[in-house]
Amino acid sequence: LQWRKGNEAVHFGKLNHFCIQNGVYAYGRACNGKSVAVFVNGTSKEQTIALDRYAEILPRHEATDVLTHRRVALGDSLTMAPRETLVLDF
């Protein structure tokens, strides 16, 4: 991914990570107004997670999924497909 080479948050950002809950691991990095949040569903089942737990790594209610280039709306919860990884750029 060329994206990571020019993203300060990936290289220099403060790391916040969360304990795995329902098979979903999440962490975020932030630096100089740039933020990245990563969610990994490590299960073979669809998972819906409440996003209030992750408020400190979600600075806005919309992000771009770096892997698919699609816009992701972030409401109260997030539903992830089995084994899905989301890399959200803010």
Side-chain angles (χ1 to χ4, degrees):
L1 290 171
Q2 294 293 332
W3 162 83
R4 71 176 172 79
K5 290 182 181 179
N7 192 310
E8 284 187 1
V10 172
H11 295 284
F12 307 111
K14 178 183 176 230
L15 175 65
N16 290 315
H17 62 103
F18 298 83
C19 292
I20 295 171
Q21 186 172 30
N22 296 329
V24 176
Y25 174 63
Y27 67 92
R29 294 185 77 107
C31 180
N32 294 331
K34 293 286 291 175
S35 296
V36 176
V38 178
F39 292 88
V40 180
N41 178 3
T43 72
S44 58
K45 296 180 181 178
E46 184 177 89
Q47 295 290 335
T48 299
I49 56 172
L51 292 178
D52 57 342
R53 178 174 189 239
Y54 307 103
E56 66 186 284
I57 64 168
L58 302 174
R60 290 185 283 289
H61 295 289
E62 186 174 74
T64 301
D65 180 355
V66 174
L67 303 176
T68 64
H69 304 288
R70 69 181 169 98
R71 298 297 290 168
V72 178
L74 302 168
D76 293 332
S77 64
L78 177 67
T79 300
M80 298 184 70
R83 307 283 181 207
E84 180 178 20
T85 298
L86 288 174
V87 181
L88 302 177
D89 187 23
F90 296 91

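Starting from 1, each residue takes its place in the sequence as its number.
Arg53 and Cys19 make their closest contact through NH2-O, 3.2 Å (heavy atoms, listed as atom of the first residue, atom of the second, distance). Of all the heavy atoms in Pro82 and Glu46, the pair that sits closest is CG-N, 3.8 Å. The minimum heavy-atom distance linking Leu58 with Ala37 is given by the pair CD2-CB, 4.0 Å. Counting all heavy atoms, side chain and backbone alike, Thr43 lies closest to Gly23 at CG2-CA, 3.6 Å.
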Determine, stepwise, if the pair Glu84 / Phe39 fulfils side-chain contact (heavy atoms from CB on, under 4.5 Å). CA-CA 8 Å; Glu84 180 178 20; Phe39 292 88; over 6 Å; no

Going through the checks in order, is the side-chain contact (heavy atoms from CB on, under 4.5 Å) test met by Lys14 and Cys31? CA-CA 7 Å; Lys14 178 183 176 230; Cys31 180; over 6 Å; no

Worked verdict on Leu74 versus Phe90 for side-chain contact (heavy atoms from CB on, under 4.5 Å): CA-CA 11 Å; Leu74 302 168; Phe90 296 91; 3.7 Å; yes

Val66 vs Val36, side-chain contact (heavy atoms from CB on, under 4.5 Å): CA-CA, chis, key distance, verdict: CA-CA 9 Å; Val66 174; Val36 176; 6.0 Å; no

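In this structure, NE2 on His61 lies 10.0 Å from CG on Leu51, to the nearest 0.5 angstrom. Here Leu78 contributes atom CG and Gln47 contributes atom CD; the two are 11.0 Å apart, rounded to the nearest 0.5 Å. If you take OG1 on Thr79 and CG on Asn41, they are separated by 10.5 Å, rounding to the nearest 0.5 Å.
Arg70 and Thr64 form no side-chain donor-acceptor contact under 3.5 Å, judged by distance and modelled atom types alone.
Counting non-hydrogen atoms of neighbouring residues, nucleotides and ligands closer than 6.0 angstrom, the OH atom of Tyr27 reaches no more than 12 such neighbours.
The shortest distance between side-chain heavy atoms of Arg29 and Val38 does not fall below 4.5 Å. Contact of the Gln21 side chain with the Ile49 side chain is not registered, since no non-hydrogen atoms from C-beta on lie closer than 4.5 Å.
Of the listed residues (Leu67, Val40, Thr68), just one forms a side chain to side chain contact (heavy atoms under 4.5 Å, CB included) with Val87, and that residue is Leu67.
Here the side chain of Asp65 pairs no donor or acceptor atom with the backbone of Leu86 at under 3.5 angstrom.
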